[in-house]
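Worksheet: the structure to be examined is printed underneath.
Computed from a predicted model, the values in this text were never measured in an experiment. Note on naming: letters A, B, ... go to the chains in the order of the sequence lines (proteins, then strands), and numbering restarts at 1 for each one.
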Protein chains: 2
Amino acid sequence: MLDAAVRVFSRRGYHAASMDDIAELAGISKPMVYAYLGTKEELFVACLHREGTRMLEAIAGAAAPDLPTDERLWRGLRAFFGFVGAHRDGWAVLYRQARGSQPFAGELAAMRTRMVEVVAGMLAHALRADGREVGETDLEVVAYALVGASESLADWLADHPEADPEQTATRMMSVAWLGAAQLLAGTTWPPPQV
Amino acid sequence: MLDAAVRVFSRRGYHAASMDDIAELAGISKPMVYAYLGTKEELFVACLHREGTRMLEAIAGAAAPDLPTDERLWRGLRAFFGFVGAHRDGWAVLYRQARGSQPFAGELAAMRTRMVEVVAGMLAHALRADGREVGETDLEVVAYALVGASESLADWLADHPEADPEQTATRMMSVAWLGAAQLLAGTTWPPPQV
DNA sequence: GCGTAACCTTACGCACGAGTAGGTATGCTC
DNA sequence: GAGCATACCTACTCGTGCGTAAGGTTACGC
């Protein structure tokens, strides 16, 4: 039921998607959509929530907190790209539509913030284990960069159906963990399972 | 004249912005907007073009092709974040509004592709100078990651008026060039001018 | 002083889409 | 089999906002 809404929203965008379109694709009539799911805005928020929750759970389930940092990063990335590869429509709704649309910016921003916090917390944990300290803002900004890079690659993945999510995760891990200089120097990041 | 349109589009979003709003802020009446700039869609594309051209020129002007790779990256990043810091409205229009809106996805995608190509070309050049070869897709994907990370930090910068573009560029350079592992190990990237 | 032309405004037509009122069929109770 | 409820659809109202047609104002030529 929500699946039809996600499909339509992902293809046409929030504003261009009409409730008639959604009702038609779902195989029911418009008043039914209103009866079951409320207004258009509530419907979109419901889509956002479902897809967002699924994604966060997929990632959180994969990256257990007691693993070493690089392993957590790798598993989180793999889960993330795996999700995007398997739910391209959901990703498009979550990321491409909700941006900028004022009513939903908050919803998305909150989710994004949670992801950034998780990444920042991971880095902070690794640093403290090492006995070092670093500015909170620095950590936050680095986490933003990592999340942004992942989102960008997710977009790339969504537009390239032939691409392999696993390999995309490997590439992201390489650039995030090693940095461009190391990559240019020939160092490669060894994935746990080749 | 276009400035008013950029302001309104950046604050209210493409769909929510009415031509009446734009005309009012510009201090003229609606038919004049149509006389000078055509339909709403053409107007938005015009905004997109102007801001996009300005940004690309700012970056291209800063990162001369004959510099070493790390210096080009650094100067390009500095120009990019400087632009975003100085034209936050323009950035919001370019990036936050155009995403997802089908009619303009092409315009933005083309610009983004150009930036990715520039970064990929830069990396390829450095690799060839080193006598090494690497898959074209790999380069493209790494470039996507770097561009995405920069965009994410640009968003962060746009939302934090107190933040310093220069310092943001430094942070981006650190994570892109050194990678998270190096950062955690305590290595820092030395900016040319402290 | 009067026509005229450039320029601008007010006020409207029109389409589109969100949300709803009223009507119809199907199954359940007595 | 009559009465009722549930589930659903067709057809409508209403607001909103793009794009434009008709009318006013100022400056200049004659």
Side-chain angles (χ1 to χ4, degrees), chain A residues 1-52 89-90 92-94 96-108, chain B residues 1-52 89-90 92-94 96-108:
Chain A
M1 169 60 112
L2 280 174
D3 294 342
V6 171
R7 282 271 292 274
V8 174
F9 279 135
S10 76
R11 295 198 195 294
R12 310 182 70 92
Y14 174 73
H15 281 282
S18 78
M19 295 298 266
D20 300 82
D21 291 340
I22 296 171
E24 188 183 0
L25 186 70
I28 58 177
S29 72
K30 197 158 55 139
M32 285 304 97
V33 178
Y34 279 90
Y36 287 135
L37 299 167
T39 78
K40 187 183 186 182
E41 196 166 316
E42 289 167 352
L43 171 57
F44 190 73
V45 170
C47 292
L48 227 56
H49 251 100
R50 195 186 62 164
E51 298 297 321
D89 286 346
V93 169
L94 269 181
R96 300 216 250 235
Q97 303 306 331
R99 298 222 58 165
S101 307
Q102 245 57 33
F104 318 113
E107 294 283 332
L108 183 68
Chain B
M1 170 62 115
L2 280 173
D3 295 342
V6 171
R7 283 271 292 274
V8 174
F9 279 136
S10 76
R11 295 199 193 292
R12 310 180 70 90
Y14 174 73
H15 281 281
S18 77
M19 294 299 265
D20 301 80
D21 291 340
I22 296 170
E24 188 182 0
L25 187 70
I28 58 178
S29 72
K30 196 160 54 141
M32 287 301 99
V33 179
Y34 280 91
Y36 288 135
L37 298 167
T39 77
K40 186 183 187 182
E41 196 166 318
E42 288 166 353
L43 170 58
F44 189 74
V45 170
C47 292
L48 227 57
H49 250 100
R50 195 186 63 162
E51 299 297 321
D89 286 347
V93 169
L94 268 181
R96 300 217 251 235
Q97 303 306 330
R99 300 221 58 165
S101 307
Q102 244 58 33
F104 319 112
E107 294 284 331
L108 183 67

One should read off an interatomic distance between B:Y34 OH and B:K30 NZ, to the nearest 0.5 angstrom, of 5.5 Å
Notebook entry, point to check: Hey, are the side chains of A:D3 and A:R50 touching, using non-hydrogen atoms and a 4.5 Å cut-off?
Noted result: yes
Taken to the nearest whole Å, NE2/A:H15 to P/D:dT16 is 15 Å
> With sugar-phosphate meaning primed atoms plus P, OP1 and OP2, does A:M19 contact a base, only sugar-phosphate, or nothing at under 4.0 Å between heavy atoms?
Replying inline: sugar-phosphate
Compare all side-chain heavy atoms of B:M19 with those of B:T39 and state whether any distance is below 4.5 angstrom. no
To the nearest angstrom, the OH-C1' distance between B:Y34 and D:dG19 comes to 5 Å
Among the nucleotides C:dC8, D:dC9, D:dG19, whichever has the atom closest to the side chain of A:P31 is D:dC9
Quick test of your reading of the model: are A:D21 and A:R7 salt-bridged, counting only N-O distances below 4.0 Å? no
Atom NZ of A:K30 and atom C1' of C:dA21 are separated, to the nearest Å, by 13 Å
Practice task
Scan B:S18 against the nucleic acid and name what it touches under 4.0 Å (heavy atoms): base, sugar-phosphate only, or nothing.
Solution key: sugar-phosphate
_Please verify the inter-ring angle class for B:Y14 with B:F9; under 30° counts as parallel, over 60° as perpendicular, anything in between as tilted._
parallel
Regarding the side chain of A:M32, the nearest nucleotide among D:dC9, D:dC18, C:dT9 is D:dC9
Rounded to whole Å, the CG-C1' distance (A:L43 to C:dG17) equals 15 Å
note: A:Y36, atom OH; C:dG19, atom P; distance rounded to Å ~ 18 Å
Atom CD1 of B:I28 and atom P of C:dT10 are separated, to the nearest Å, by 12 Å
Touch check for B:A17, heavy atoms < 4.0 angstrom, all strands: base, sugar-phosphate only, or nothing?
sugar-phosphate
Between CG of A:L37 and P of C:dG19 the distance, given in whole Å, is 13 Å
Distance-only donor-acceptor test, A:K40 side-chain atoms vs C:dG19 base atoms, 3.5 Å = no
Whole-Å distance, A:Y14 OH to C:dA18 C1', equals 10 Å
